[in-house]
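Report on the structure given below.
Start at 1 with the first residue, then count along the sequence. Small disclaimer: the values here were computed from a predicted structure and weren't measured. Below, all heavy atoms of this structure are taken into account, side chains as well, without hydrogens, waters or symmetry copies.
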Amino acid sequence: VLPSTFVGMTLEASPSVWIPMAAHAIALPDFNKAGNLLESRYHSWLDIIARLREGADLTSAQAELSAVAQLRTDEVPTGAPRPWPAVVPAADAMIDVNGRFGARRISWLVLLASFCLLILSSFNAACLYIAETEARRKELWIRFAIGGAAARLVRTLSLEGLITGLAAGLGGLFLSKAFHTLLMLSLPAGFLLRNDAFAGASAPRVALLALGSGILAALVITLAPAIRAVMGASQDASGTASSGRGRLVGELLVGVQVTGTVALLFCAGLLVRSVYNTSRVDLGFPKTGAIVARVDMARGGYSDERQRVLTDLLLSEVRSVPGVLHAALASQSPLDPGGMRFVVEPTGYEPGPTERMLVDVIAVSPDYFDALGTGVSSGRAFLRSDGPATERVAVVNEAFVRKYFPGRDPLGASLGFLRRDQGPTRIVGTTPTAALSTLKDTSRPTVFVPLSQESRGIVTLLVRSALPEESTAKSVA
């Protein structure tokens, strides 16, 4: 039994049960249908967790592992990914191993933006301090001149600052909690990160730090005029002796604040433009008129046969909903970067010595291409008769044809998958290229296989309707 504070080495999930690695094939048979993944040279799904020996560092560990990987390069099949071990601190690996999804870069950008906002807030506080000093200097000097005790003035203003800072800090904590709640409510079901990954906004240490900072800032702003008055900073009741210096400092702070604001507005404009350009990217399929939903059959322990029965029943029910034109299932959602990628061997194609033959592979049900809105360019789509006991077939996109069949007709050609031993797969159709994995690369070679021949416990329901998406989603739900 592990301590309750241990949640694993990733932010994606919080496992409750750990099993021996040798039991993987027994516990997860769906992932081992083509053979035990622990014995396959075509999968790279394992992470090694280790502690450095005394005196070692990440650089030396990386050098030693790279040397071992280089010795094994000749054993890697042609077209398969070359071994490249990456040694990273465990804390970094929890966020993004190797920077594959750019999470580390995005985190730094968010941190930089937060830092800029903090700097502007500091300048705001400084300007408030200057204004407060000029506004209260005359009042405080008069009170001090008519016999007011310095200690009493300091205590009075300290109480004012404490109340102001406490109120401001509590208000900020309330707003942060409200924004945190709204964020959690806005996240879609099955979001990548665990809910407690965002718990930092309400963690006690973070809350105390924010509250203490607010109180300290308020105390500085309210106490500074009294301290300056007590120390004789003002030479007369009007405070004109040092008003010029205060005005100069204030103007300088305002200038820096305006400069920072303009820079942030410029960056915000670039962000808006990027969002606008993203909305204009040609995805290769209609952006409107479709909805997606995640269907998780793995948690229910469904066998392959029961999964086929359930998916057939689900599609039949969804297609009967008024307004639905097409409904299909797929192993991944559109624009999902975490899909399957496998090594392929197209007939008649000779890969280069270091060429990686990795392509995206998406398992789909019949009617998928109509539901997506692309249709097929040539040949045929998948049929209900394409099952586990029939010939293995595939549909490839036009980007795949341009790369692996230039000047040749791919229909009827054989396509080998190094990851499995079920024999060759015959290409029966082609489809227009669509952005199904990322917006940065909308022309990735992709192979589609029947979902009935590559059953998955977790699938995406894709529905195209003639009605608005909101009404269709309510009807389907």
Using 0.5 Å steps for rounding, measure from the CG atom of L265 to the CG atom of L270. 11.0 Å
How many angstroms lie between atom OH of Y368 and atom CG of L462, to the nearest 0.5 angstrom? 6.5 Å
Check step by step if side chain to side chain donor-acceptor pair (under 3.5 Å) holds for E398 and S377. CA-CA 8 Å; E398 294 176 355; S377 305; 2.7 Å; yes
ring-ring contact (aromatic ring centres under 6.0 Å, His included) against Y404, all qualifying residues, sequence neighbours excluded: Y349, F400
ring-ring contact (aromatic ring centres under 6.0 Å, His included) partners of F6, counting only residues at least two apart: W18
Hey, mind stepping through L314 and V295 against side-chain contact (heavy atoms from CB on, under 4.5 Å) and telling me if it holds? CA-CA 10 Å; L314 174 63; V295 182; 3.9 Å; yes
Work out which heavy atom in [X] is nearest to a heavy atom in [Y]; give both atom names and the distance.
X: L329; Y: L451; answer: CB-CD2, 3.8 Å
X: V401; Y: P410; answer: CG2-CG, 3.8 Å
X: V447; Y: V396; answer: CG2-CG1, 4.1 Å
X: I291; Y: V476; answer: CD1-CG2, 4.1 Å
X: P286; Y: L372; answer: CD-O, 3.6 Å
X: A327; Y: R319; answer: O-NH2, 2.9 Å

By salt bridge (charged side-chain N to carboxylate O under 4.0 Å, His left out), which residues pair with E64, not counting sequence neighbours? R53
Report the residues that fulfil salt bridge (charged side-chain N to carboxylate O under 4.0 Å, His left out) with D360, sequence neighbours left out, ordered by chain and then residue number. R341, R444
Would you say that [X] contacts [Y] through its side chain, given a criterion of any heavy-atom pair below 4.5 Å between the two side chains?
X: V361; Y: T446; value: no
X: M357; Y: P346; value: yes
X: D370; Y: D367; value: yes
X: L461; Y: V292; value: no

For S365, enumerate each residue passing the side-chain hydrogen bond (donor to acceptor under 3.5 Å, both in side chains) test, keeping only those at least two apart in sequence or located in another chain. none
Sub-3.5 Å donor-acceptor pair from the side chain of [X] to the main-chain atoms of [Y], do we have one?
X: S66; Y: Q62; result: yes
X: T433; Y: S443; result: no
X: T431; Y: G375; result: yes
X: K287; Y: D282; result: no

Any side-chain donor-acceptor pair under 3.5 Å between S60 and D57? yes
Could you check whether S465 and E469, counting side-chain N and O atoms only, form a donor-acceptor pair closer than 3.5 Å? no
Atom pairs and distances, donor-acceptor, side-chain atoms in residues 330-340, under 3.5 Å, two or more places apart:
residue: S331; atom: OG; partner: A363; partner atom: N; Å: 3.0
residue: Q332; atom: NE2; partner: D336; partner atom: O; Å: 3.2
residue: Q332; atom: NE2; partner: L436; partner atom: O; Å: 3.1
residue: S333; atom: OG; partner: T460; partner atom: OG1; Å: 2.9
residue: D336; atom: OD1; partner: G338; partner atom: N; Å: 3.0

What is the ring orientation for F369 with F448, classed by angle as parallel under 30°, tilted 30 to 60°, or perpendicular over 60°? perpendicular
Go through the steps for L170 and L166 under the test side-chain contact (heavy atoms from CB on, under 4.5 Å), then give the verdict. CA-CA 6 Å; L170 292 176; L166 187 61; 4.1 Å; yes
Determine, stepwise, if the pair F382 / V395 fulfils side-chain contact (heavy atoms from CB on, under 4.5 Å). CA-CA 8 Å; F382 298 131; V395 173; 3.7 Å; yes
Are more than 12 heavy atoms from other residues, nucleotides or ligands located less than 6.0 Å from atom CD1 of I48? no
